[in-house]
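Here is the naming used below: chain letters follow the sequence lines, and residue numbers restart at 1 for every chain. All heavy atoms count here, side chains included; hydrogens, waters and symmetry mates do not.
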2 protein chains.
Amino acid sequence: MAPTRRTSRDIRSESRLDVLHALLTAGETTRNELARTTGLSTATVATVVSDLLTGGIVTEARVASGRVGRPTTLLRLNQDRGRIVGVDVAETYIRAVVFDAALDEVAAAEVAADERHDETEEVVDGVARAVDAALARAGTPRDGVLGVGISLPGSMQRWGGSSPVMPNAVWRHVDRLRERLGLPIVVDNPLKAIATAELWFGQGRRHSSTITVNLGTGVGAGIILNGAILRGATNFAGEWGHSLLALDGRPCRCGRRGCVEAYVGALGMQRTLEAVAPEHPLASVPLQRDFIGALAAALEPPEPDPAVTETIQRTARYLGAALADLVAIVNPETITLTGWTVWALGDHLVPAVRRSVVAEAPGDAAADLEVEVSTVRGNSVATGIATIALERFLSDVGLVTTRVPTAL
Amino acid sequence: MAPTRRTSRDIRSESRLDVLHALLTAGETTRNELARTTGLSTATVATVVSDLLTGGIVTEARVASGRVGRPTTLLRLNQDRGRIVGVDVAETYIRAVVFDAALDEVAAAEVAADERHDETEEVVDGVARAVDAALARAGTPRDGVLGVGISLPGSMQRWGGSSPVMPNAVWRHVDRLRERLGLPIVVDNPLKAIATAELWFGQGRRHSSTITVNLGTGVGAGIILNGAILRGATNFAGEWGHSLLALDGRPCRCGRRGCVEAYVGALGMQRTLEAVAPEHPLASVPLQRDFIGALAAALEPPEPDPAVTETIQRTARYLGAALADLVAIVNPETITLTGWTVWALGDHLVPAVRRSVVAEAPGDAAADLEVEVSTVRGNSVATGIATIALERFLSDVGLVTTRVPTAL
DNA sequence: ACCATTTATCTATGGGTTAGATTTACCCCC
DNA sequence: GGGGGTAAATCTAACCCATAGATAAATGGT
């Protein structure tokens, strides 16, 4: 019944990941502390740390303790093990971020992208230029790259199957990307990337079930259950932005009507402002980021713009109702909010959204739910997809058995 | 990060459950066949079968093979190991079903229930009377009962926590039920029960992710991911019937507006008929089962009632849109439909629902989705909750480590 | 130089699995 | 009646995981 039977190697793999997560959280720590943090015995921690030292993933520094007893050795992730690149392919830009092996950002580069970039060659070229520029900025030779993670919107692949079925367009992307970059790559979609960022750096470390919701032009949810990303049958899970808020409601970019995104995406918020005050000057701001920035500015004391305030209130209600659907169906412990709309407007949105979720969720399902702005900083898509690339690298060197989706 | 680390005992537990599921599916089988079915080695199957034989869960019958070679021993679940009772506490009835240890139905009894049965004593009394009547009908002494599973609507409990938080009303139910029945009991909600039935007897055996949707007075979804029931932080997952279909739409029984249940529950379908043909005689049929039965009758050839046909079409569209939300968020491989509305109207609903899901789901997310009537026969709530009771019994005798939610 | 203390490592023992050897129980044939 | 071939069932050595507690290492204090 379990589609993939777990073996004792999986147990060891989990132990290694637990130790790596504890190291990421602590920055530097000791074997005894790792035993306390992970619940593993000191013998197991010793064995796992030995494996990671041998693999060059972890380094140690002998530290005189300044007290009696055997001196303590501090451990940390080996930043110098190599570089990992995370690439966020969005609608209007392609951003490549170089991380060290401790997943600290080293350098970044961005190239503009035409929104009609479903032409394979243009995407491949843009990704290659962004990666090359970022690596140059980081001073990293190609042989120092452990892996490149590339987030492609809408990419879909059969998880774990022996013959993955993928839309031809995406297959061509992957093949061409591999040829062009000449580096080990892994491809996934942005929702899985942000979920991975939350799992490794955010609330996913502390909670069994977390949903991280991205608000921007597009809107979606990364779902973490029992310490793993929910991918779904076709790696499509989390497309909550295209679940219904209002049957036959507002037209959505996807061609359907009434989607959550049509109400709480940046464009949806502009539509809400148009409904509140059709002649409002902000209703005709053409660029979404400018629009959201202007909303934030319009809310500054001492005189917040009443139409903008009403827009925020309505948006909070729509968002609360949509999050209540996630609560009703998935019932997570926490929901985190991420994305550039949240950075700009979170202070205004979050308190109202919390109230709205509790009001809109059935029964008292949302009574204990925590809704908060994500603590994952920077570009969480790039961070997450780089983390997926690191996991893939660790899998390739036999340190973890987690099945990272293959871009064959 | 994994909330509960898996140990080698968990691996053995999974092996035992795999063997048990294979036995349930096959009825009777051989060790070699079990090895082929489960993928375990013949040595492991031998060890597992030995454990199950020792525990009296499985029996063997020597069978001459009629061919050369060592004769084959047939194995089957030991029906005589004891009896398990599954109790479905619904709004208007309490039904107790007695199963043997191979989960075949032996006898049943039903008592009427007042819809205002949130009075603890009335529920406890009704459950006790139903269980006593069913056991009498089965000729089963109390000491022959391995466990009683009781499905209580709305029951919630913290899964796996050391100090479960549960609404007081439900706590009182559990305490009083244990006192009154004097039998080992486990309590869960109907959505978890139907998911368990689908996992053990339906599509959950063959697919990694399945959602089983119950349509009746109430509407909800049992969610199976990676061979396990999705419970959620407060055991509330699957309340899809109270996710939104239409913001500010039809009033729902739960006090909110626009819930899926208000459109595709039995009462919702009657509201749809009222919208289609306000003077239709069926619009005022008072009892929901009578109404649904009358709908089915009105659809018989050669002259199906046009208003009823239109009602079915609209309902299929609403249901398709609501299922599309499950596809967008959870992305399962299959969706099965169950419940008395489905038994009565499935032939008319399912083809249209399939088309609607594909049309309403974003992109081609639903392209490969299978939507079908569940193959789990009988009362799937009672079957499922009895299966949970069997799992609990197996856990109590140390044969599985699966954490069945405790009704302490 | 020795002792107490603390950290790190080692070891025997517990759990799981499998490949392949061995045993068992049959049928067929001489 | 016995031997050979065959297929099922069982056993065994070797692999994986974990931990409790013993042992070793490295320090500071006396």
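- At whole-Å resolution of the value, CG in A:Leu75 and P in C:dT7 are 13 Å apart.
- As a whole-Å value, the separation of A:Leu74 CG from C:dA8 C1' is 14 Å.
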Per-nucleotide protein contact along nucleotides 10-16 of chain D, 5' to 3', at a 4.0 Å heavy-atom cut-off (B base, S sugar-phosphate only, - neither), is SB----B
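- A donor-acceptor contact under 3.5 angstrom links the side chains of B:Asn235 and B:Asp188, judged on distance only.
- Distance CZ (A:Arg36) to C1' (C:dA8): 13 Å, rounded to an integer number of Å.
- Heavy atoms of B:Thr73 sit under 4.0 angstrom from primed sugar atoms or phosphate atoms, though from no base atom.
- In this structure, A:Ser15 reaches the sugar-phosphate backbone alone: every heavy-atom distance under 4.0 Å involves primed, P, OP1 or OP2 atoms, never a base.
- Atoms CD1 (A:Ile11) and C1' (C:dG14) sit 13 Å apart, rounded to a whole Å.
- Rounded to an integer number of Å, the gap from CG of A:Asn32 to P of D:dA20 is 14 Å.
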Salt bridge (Lys or Arg N to Asp or Glu O under 4.0 Å) assessment of B:Arg83 paired with B:Asp100 | CA-CA 5 Å; B:Arg83 297 289 186 254; B:Asp100 64 24; 5.0 Å; no
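- When the P atom of C:dA8 is taken as reference, atom CG of A:Leu34 falls 10 Å away, rounded to whole Å.
- Minimum atom distance to the side chain of B:Thr44 is reached by C:dT18, of the listed C:dA8, C:dT18, D:dA9.
- Without hydrogens or angle criteria, B:Lys192 side chain to B:Gly222 main chain gives no donor-acceptor distance under 3.5 Å.
- For the side-chain hydrogen bond (donor to acceptor under 3.5 Å, both in side chains) test, no residue two or more places apart in sequence or in another chain qualifies with B:Thr42.
- Side chain of A:Arg392 to main chain of A:Ile388: no donor-acceptor pair is present (N/O by atom type, distance under 3.5 Å, no hydrogens or angles).
- Between the side chains of A:Thr383 and A:Ser380, no donor-acceptor pair is found at a separation under 3.5 Å.
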